[in-house]
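Reckoned from all heavy atoms, side chains included, excluding hydrogens, waters and symmetry mates. A note on names: the letters A, B, ... follow the listed sequences, proteins ahead of strands, and every chain is numbered from 1.
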Amino acid sequence: MSKILVADDEPDMRSLLSDLLEEAGHVVTEAENGQMAYHQIQREAPDVVLMDVLMPMMNGIQVLQRLRNEPGTLNLPVILLTAFSLADEESEILESPNTYHVTKPWRRGVVESAVNTALARD
Amino acid sequence: MSILIVDQNLKELYKLKTELESAGYDDVVAAESVGNALAYYGVDCLGKVPASVELILMDFATPDAQESGFRTGTRASASTGNTVMLGLVDQNNPAMIKRAAVAGAMDVICRPVHKAELLMRFRSALALKAERDAVPPAEGTFATDSDENALDSAQGVSHTTKVLSLASHELKTPLANISGFVDLILLDWERHGAPSEKQQKQMEAVQRNGFRMDALVNDIMAMANIESGTLEISPTDLDLAEELDHVLGYVQGQLNEKRMTLDLIFAEDLSPVHADELRLSQIMVNLLGNACKYSPPDTSITVEVSATDRFAQIDLTDHGYGISAKDQVNLFCQFHRVNNPSAQSVSGTGLGLFVTKQLVEAHGGQIWVKSEEGEGSTFSLTLPLSKLAASQSLPVEQFPELAAAA
């Protein structure tokens with residue numbers, strides 16, 4: 001059983017991910033924008049973060065950048081969710097260790113196995 | 001209010017500073033490189049310059065203006081609204097304009113710089129910034145949006161293409177929600193039994209149509225990318241058997257609906273292909289979807305995978321209506337739809353095969369068709385094998401392009 005933070009500005013998407021991950025036996029907390037996600041990560045120290053890229057206040061890439069700049073979260077597994085390919089995001093932060101990517105909509109089992117991979121590498 | 005100019009051309013740098021100062025901008029900081037500017041403010045990226053710096057004029061020929069640290073730093077600042085950036089670029093240099101757009105520049109000023117134009121651009125950039133600062137940002141995507149705008153105006157992308165691309169992006173999220181929840185329900189029914197066979201069938205229809213819509217949105221988005229010249233692929237080494245198995249998940253519903261069967265035949269010891277996973281899936285979903293759409297019920301489809309020296313070949317054979325020689329000529333053209341009486345009731349956009357061909361070719365592969373009316377069709381495509389596998393089987397010197405890439 002792992003602690004997972006789900007960050008997405010879409011309430012439906014948040015509850016979908018929560019349902020999915022709770023079904024798989026994890027404990028899930030939710031954040032509705034990048035800034036909240038960032039603060040909750042500091043406070044709750046989740047095992048894995050599942051984060052939308054397009055979010056208000058601070059987007060997923062910016063949150064990731066901050067996380068990778070701090071020793072405590074340097075290696076925190078982060079799974080980025082996008083509705084498109086990340087090919088046009090040229091940021092090298094996407095190459096940082098323990099950073100994964102899942103495209104919406106995903107095939108059955110993809111989110112669960114991304115979480116498992118992220119946990120195994122931790 | 002302070003303005004920062006970064007320009008490696010010292011003569012131009014001081015001319016711009018003088019012109020701005022004479023127009024009443026009293027705090028103009030001139031730096032000949034990004035490094036100098038950062039040292040001046042004592043920060044490690046442009047995103048962290050003090051909020052008093054309202055505008056940055058950036059010469060994109062400056063060597064360190066291209067480094068990624070600068071880029072991401074600026075994007076971060078553009079989205080929090082501290083500052084706006086204008087790019088200083090050479091006229092008729094689309095690559096530099098694109099660089100400015102990607103870095104988050106709001107607008108570009110082309111050389112040679114005329115004082116009147118410089119001041120006008122400054123006024124409008126600052127007015128836009130004031131307007132933006134007055135409204136709290138609703139989305140955290142400001143930088144990305146303005147990048148896209150800048151890219152569009154630089155490349156003359158049609159308004160329709162842009163609307164299509166935006167609409168498609170927006171469709172993706174609700175689609176992901178629909179197919180995600182439907183899948184959770186179906187999974188639950190698999191474990192605990194469905195309320196009834198009828199409801200199981202209905203829910204499968206919702207899922208099937210979700211997949212269809214997703215495939216359509218993918219094609220429209222790819223179409224927008226093709227039109228704007230921004231189609232990009234990010235290839236990795238992929239196991240074709242595994243990928244085709246995933247793809248099957250998307251089309252299984254369509255196959256079941258028409259009681260069709262699909263046989264997969266793989267050559268032994270097949271090396272991985274070097275392809276973009278999402279694009280590969282899009283290519284196969286399009287071709288399998290077509291095979292299914294243009295075949296009568298109770299027929300079969302065969303997918304056979306073989307390999308040559310450097311390419312994997314996928315042959316997809318159906319026993320459908322077939323394509324006339326006349327239709328084959330324009331088959332891969334945009335909006336072309338076959339003119340076959342038995343296929344006339346089949347709905348479609350005429351985008352699928354056009355997009356598919358572009359995607360295959362973007363990978364360096366080829367696609368072609370062999371078909372007889374009334375007999376069925378075989379669509380064949382090639383995709384490059386992983387470079388690792390190719391270089392193991394043959395000396396690298398034979399392939400200059402591989403040697404250059406390594």
(request) Mind listing the closest non-hydrogen atom pair of Gly180(B) and Leu16(A) along with its distance? (result) C-CD1, 3.4 Å
(message) I'd like to know whether CE of Met203(B) has more than 12 heavy-atom contacts from other residues, nucleotides or ligands below 6.0 angstrom.
(response) yes
(message) Heavy-atom pairs under 4.5 Å with chain A - which of Asn218(B), Leu187(B), Asp188(B) has more of them than the others?
(response) Leu187(B)
(message) Using heavy-atom distances under 4.5 Å, tell me whether Gln35(A) contacts chain B through its side chain, its backbone, both, or neither.
(response) neither
(request) Would you check, one step at a time, whether the test side-chain contact (heavy atoms from CB on, under 4.5 Å) holds for His246(B) with Arg108(A)? (result) CA-CA 9 Å; His246(B) 285 313; Arg108(A) 176 181 287 188; over 6 Å; no
(request) Could you tell me the separation between the OG atom of Ser234(B) and the NE2 atom of His101(A), rounded to the nearest 0.5 Å? (result) 9.0 Å
(message) So which residue, Asp183(B), Thr173(B), Leu175(B), ends up with the most heavy-atom pairs under 4.5 Å with chain A?
(response) Asp183(B)
(request) Go through the atoms of Ile178(B) and report whether side chain, backbone, both or neither lie under 4.5 Å from a heavy atom of chain A. (result) neither
(message) side-chain contact (heavy atoms from CB on, under 4.5 Å) for Ser15(A) and Phe181(B)? Distances and angles first, verdict last.
(response) CA-CA 10 Å; Ser15(A) 55; Phe181(B) 281 115; 3.8 Å; yes
(message) Please determine whether side-chain contact (heavy atoms from CB on, under 4.5 Å) holds for the pair Glu277(B) and Thr103(A), giving the CA-CA distance in whole Å, both sets of side-chain angles, and the decisive distance to 0.1 Å.
(response) CA-CA 11 Å; Glu277(B) 190 173 19; Thr103(A) 323; over 6 Å; no
(request) Please state whether the side chain, the backbone, both or neither of Tyr250(B) comes within less than 4.5 Å of a heavy atom of chain A. (result) side chain
(request) Of all the heavy-atom pairs spanning Pro105(A) and Ala176(B), show the shortest one and how long it is. (result) CB-CA, 3.6 Å
